[in-house]
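What you are looking at is a predicted structure, and each value in this text was computed from that prediction instead of being measured.
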Amino acid sequence: MVGQARLIRSGDTTGDLAAVKAPTLVINATGDLLVDPANSRVLAAGIPNAEYVEIDAGHVLMAEQPQAWEDAVTGFLAEHGL
């Protein structure tokens, strides 16, 4: 964890986000205590044409809200023919 915390403090790849060409879906949970939804919104805003979805859940949103997560992912994939 210490190494991961150091990497988080030292690594900033936000300048690379504009180069992402792949269809991108960023999903976060409203009550995630480990990944602040504000950070995910910044991530989505930095990627051209990225879509952002917030699901009312905690950190393990796939287990807490499996249908909402599945709908977001499968809808995105279908929309982009993936």
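- Between Thr24 and Val26, some side-chain heavy-atom pair lies under the 4.5 Å cut-off.
- Using a 4.5 Å cut-off on side-chain heavy atoms (C-beta onward), Pro23 and Leu82 make contact.
- Tracing side-chain contacts under 4.5 Å through hydrophobic residues (I, L, V, M, F, W, Y), one never reaches Val42 starting from Leu33; they form parts of separate clusters.
- Annotation: the span from His59 atom NE2 to Asp32 atom CG amounts to 5.5 Å, rounded to 0.5 Å.
- Smallest separation of non-hydrogen atoms from Gly58 and Ala29: O-CB, 3.0 Å.
- Without hydrogens or angle criteria, Glu51 side chain to Leu25 main chain gives no donor-acceptor distance under 3.5 Å.
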Does the pair Leu17 and Leu43 meet the rule for a side chain to side chain contact (heavy atoms under 4.5 Å, CB included), with working shown?
-> CA-CA 7 Å; Leu17 296 177; Leu43 179 69; 3.5 Å; yes
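- Leu77 is connected to Leu61 through a chain of hydrophobic side-chain contacts under 4.5 Å among Ile, Leu, Val, Met, Phe, Trp and Tyr, so both are in one cluster.
- To the nearest 0.5 Å, atoms CD (Gln67) and OG1 (Thr74) are separated by 8.0 Å.
- In this structure, Ile27 CD1 and Gln65 CD are separated by 12.5 Å, a value rounded to the nearest 0.5 Å.
- Taken from CD in Glu70 to CE in Met62, the straight-line distance is 12.5 Å, to the nearest 0.5 Å.
- Ile55 and Val73 fall within a single hydrophobic cluster, where Ile, Leu, Val, Met, Phe, Trp and Tyr are joined by side-chain heavy atoms under 4.5 Å apart, directly or via other members.
- Counting all heavy atoms, side chain and backbone alike, Asn28 lies closest to Tyr52 at CB-OH, 3.6 Å.
- What you find for Ala18 and Pro48 is that their closest heavy atoms are O-CG, 3.4 Å.
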